[in-house]
Amino acid sequence: MLRLEVVASGLALALSVGCSNGSSSGPPDRLTTFQAADLVIGQPDFVSGSANQGSSSASAAGVEYPVGDAQGVSGGLALPDTYNHRLLVYRSIPSANGTAADSVLGQSDATSNAPSHSTGRFHYPQSVGVSGSALIVADSGASRIVLGAGADNVTIGWGDGSTCQWGCAVNMLSEPSRAIVVAGKLIVADRSNHRILIWKQIPASGVSADLVLGQQDLTHCAANDMVGAGNSGGRTATTLRYPTDVWSDGTRLLVVDQGNNRVLLWNHFPTSNAAAADVVLGQPDFLVARAEATQVGLNWPVAVASDGQSIFVADARNHRVLVWRSFPSANGQAADLVLGQGDFSHGAPNDDNQDGQTEGPTARTMNTPMGVALVGDYLVVTDTYNHRFLLFRRH
Amino acid sequence: MRTKYALRAALVVAVLGGAPRVRAQGDLLVEVGAEIGISFLETVFDSTGLFEAIGLSSPEDQKLKEIISELETMHEDLDNLGNEVQDLKLILDTLDSQQTALNATTRILETCYRDRLDAVVNSVDLAVEERNQLLLARAYQITGELLPPGMGELFDDGCDIQDSLNDLQDAMLRQPPNFTDSLLVNLARQARDNGHAFDDVVRYFSWVVGTERQAEAIFAQAYHRLGHDHDWATKYAQIQGSLRKQEIELLRAADAYVAYQPVNTQSSSSYDGSPLALADQVVARLEGTTRFVSSAVLSVAGWPTPWGAYRDTALLPTMTQDARPEVALDDVLGAEDGQSYYGAPAATGIKTTLDALSFPFMLQLIPEAGVEIGRAAEVTLTHTRTSQVSPPSSSTVTLNVQGVPVTQPAPTLYFRNAATMQLEATGDPKNGRDRMLLAHPDGLGTTMALFALVPTADDPRRVVLEVDEPAWGLSGVPIGAMADNGFFAALDGLQGTVLEMVPRGPAQPEEYALRLGDGSWLGIVSVQNEGETVPLWGAAVVDQPAWFDLERTGSSYQISFLDPADGVRKYLFVNEQRVSATDFQVQQATLPAALLGMDVYSFGNPQSLCPVNSVPGVLWLPIYGGPDGTVTYTIQISAPSCLDLAGTGCFLGPAPGTPTETTLFDFRSSLCSPFAGSTWSASTTLQEGEVHYLYCESHLACTSLTSIQLSVQ
């Protein structure tokens, strides 16, 4: 356990970090298809689904369009409350539905929810991670990665300046959606630049990345730019289109290639720009990008998590989470179970009776899930359009 | 033409879902329309009885609209057919007129020189071989035999020689104007359209002019022997002038034959200059010289951008060798050294003659510095002829002309009051133009289609739209709302309007509505008036949120929205006109209807995006399955040019949207350095009644101006 000091907007929290990237393997999970969640955060119960619990203002218990992955910290939780432009912090895993957060990061109080590009503030924060003793946040709307807080705060992505800017420069980002630190490396899903940036060590502000995936070099940022021409040329094992999430155990690397409806797997950590992925999930090969609700297909995946053995993918527009019990060795490998739907062929939101029609939310349905995380014994699903987090006990 | 209409009918049937009864009536409608013409269709359009006849009860039915659209296209086809019939009628009438004139000549000869007729006819036959010294001598001989010295002006049978000669001359002088009424040009087009060689045109021409020249020789001798040499000098000048015009008409006909693209095919053909050479030879012989008297010259004219004619589209023609550096065009094209047979070249003539280019070349048009060119500009090759003062010893230019010039008429331009969007009256001043925020499927703003969203200091959600205006040397020009709900770029005293970006939701991460401070929204409204072909979309204040797609492009945004009215994505741009403080106007062009209804589409990337060429020109096109279940697509690069490596491609999907998400049909190609080809085709199977959408996008090199034609069969 590491002691973690997070300071934002006048808040100082003492946290310790556990399960930093979910890569520790544990006993086999007990998840089953269409399993009901054990706990809900953001809503008072499983059948409510209004933003901020129906209030016109934010609160410590409600959320609005949370996007991205949760993070376990010190036995508790850090959650992205994206449209309230803040993070919610729980000192322990809640034991009851609708539990209010212990702290709020990014806002001066629990009811404020205006965005800001100032230090300690957020603009559409997506996904929370940890780096050593600090949280690391993909502040998407501000096109930056915020690492730590207070005196140790590092802003990555604003070039060499201290004002908000975005672009395709070597030290700039465009709507990043995820940042993780693994084995000392900083890995960023630079979503709208259609690339994954990798720093071999935590950089200071303004330092360009050491490696790029999805592009031929650090100066190109077009989607599916197979030859570095600056234009969309074709989809291959080296290209990306709106990558939204990454996972790594230091060796293997998973990237959610949202716009191509696939998840890419590198079996060995890339060491050169535009390294080709080894395996693709969601598609039969690297050249197509079909959107399907099947046992092998995906439709606009957003997030990925793994414990080193299983893979969890938030398949947003199929309103489900797919689970692979093992890492795939071949392209298009079929998933083993599904959450949010009764089988692999259904894809409607909040469809508890599986009639293909949308009803209200329940403990086992989802509406556009856009985050998955493994926190302690739980799988935490960011159920974005139900404005809630679902916690599924795995062990 | 019958086949074409049958295809139309098939499309109509496909829309109707393939019901046999409906299909039969659709075919019948086409057949009847083809037989009895336009008036019937006009009646049909106004007849609700038709709706019932084809099983549709509501005139508002979407399918019905599509049917009407197809019928309108057929209407146009019938128009075209009517025009072609008129052309043929003109030719036939002219031929009749000429035949009458020639018959009159023959009758005079028969009357006055009956006993010499055989000899005259033989001479006419020989004249087909064109005039030469042998024929000339023969003509003198014949004339001498007809009019021996001492013969009076009157024959015993009452023939007045002078009157007869005048009649003959009048007949000859009347005929050249028939030629200059484009008889030969039309004849050449018809010959090309029906697969006849240009030789047939030359044969007809030779027959006519040979006769005339034989008669001319006869006249000369007749005048001489009658002692009227002075009168003949005057007549001779007139006749020579007419004959020279005929020669020019032959050259024009050869040009037309080469440049004319048959209407029955939509494919391009390789350039074949042999008709030009043949015409050259004929004229050279008629002029009594054995050298080449003309050479083919390219002149280049930009096809007027149908709506982008906000300013003159000055073009700088560029010729390049295939995969080689550009040739300095000032050394290639110019009007100075050519003396045209029929007036100065329309655009640019030859300067040092094309024989300097001993290699295949590509033709490009690039804008002159600081001048933007709208989309879909076309290259039209005009073959102009010039007399050569010092003709080269040989000329072996190979013109690699590919593509089909889109010969759409220039659009009609309208002016609207930019605030009220009402059509300007004729008497309204037109010297003011606005810089209004508009929308169009092609993003017509040239350089003013990329926006910056500048946040306010206190709230990143609250932004002002800004646009660069490099043509005016301005950057970061804010866009503000005027009274009467119009949005403009930096009018005098106009402040940028703060707009709150309201996201649609994380599942649509690029989509925002833009809310004004008073709770109203930025929206796009159509101001199409009744009877106009293409509406204009202008930014205005609306009551309900409109969802814009804010796509990051480089360091800017391209802003578009999916128009729910027609399912077409439209891109915001700022009209790049200067501002008048008192009379804000916007210029609107009416798109030629043929571009809307025909099965050939032209599109290209907006030059406005240069040098950022990551945003392609796009086209969404509904594709209907046919009775045979096969639909073939052909992409054709209209003008040879260099595409960037991203190439051009089409995708087929079940609905308009992001094409790569549901790609069923994919044939991207990449071509550049060297130019790898001009046409790709592929096919897929769509059942009758099945509708998919073909999405095409073009990635064109910044400096090239090329159109792409998509042909669907």
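When reading the values below, keep in mind they use all heavy atoms of this one structure, side chains included, and skip hydrogens, waters and symmetry mates. Lettering of chains follows the sequences in order, A, B, ..., and the numbering in each one begins at 1.
Neither the backbone nor the side chain of A:H194 comes within less than 4.5 Å of any heavy atom in chain B. Both the backbone and the side chain of A:E175 come within contact range of chain B, each with at least one heavy atom under 4.5 Å from a heavy atom of that chain. When heavy atoms are compared at a cutoff of 4.5 Å, A:S143 approaches chain B solely by way of its side chain, counted from C-beta outward.
Across A:R317 and B:A507, no two heavy atoms sit closer than the pair NH2-O, 2.7 Å. Closest of all the heavy-atom pairs between A:Y83 and B:P506 is OH-N, 3.2 Å. Minimum heavy-atom separation, B:P503 to A:Y124: CG-OH, 3.1 Å. Nearest heavy-atom pair across B:P460 and A:P115 is CD-O, 3.5 Å.
Counting only N and O atoms by type, the side chains of A:S174 and B:R552 include a donor and acceptor under 3.5 Å apart.
Under a 3.5 Å cut-off, the side chain of B:R461 and the backbone N or O of A:A114 do not form any donor-acceptor pair.
Rounding to the nearest 0.5 Å places NE2 of A:H123 at 7.5 Å from CG of B:D459.
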Worksheet item: Do B:E551 and A:S192 pass the side chain to side chain contact (heavy atoms under 4.5 Å, CB included) test, and can you show the C-alpha distance, the side-chain angles, and the key distance before you say yes or no?
Response: CA-CA 9 Å; B:E551 181 179 350; A:S192 292; over 6 Å; no

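Residue B:R504 places its CZ atom among more than 12 non-hydrogen atoms of other residues, nucleotides or ligands, all under 6.0 Å distant.
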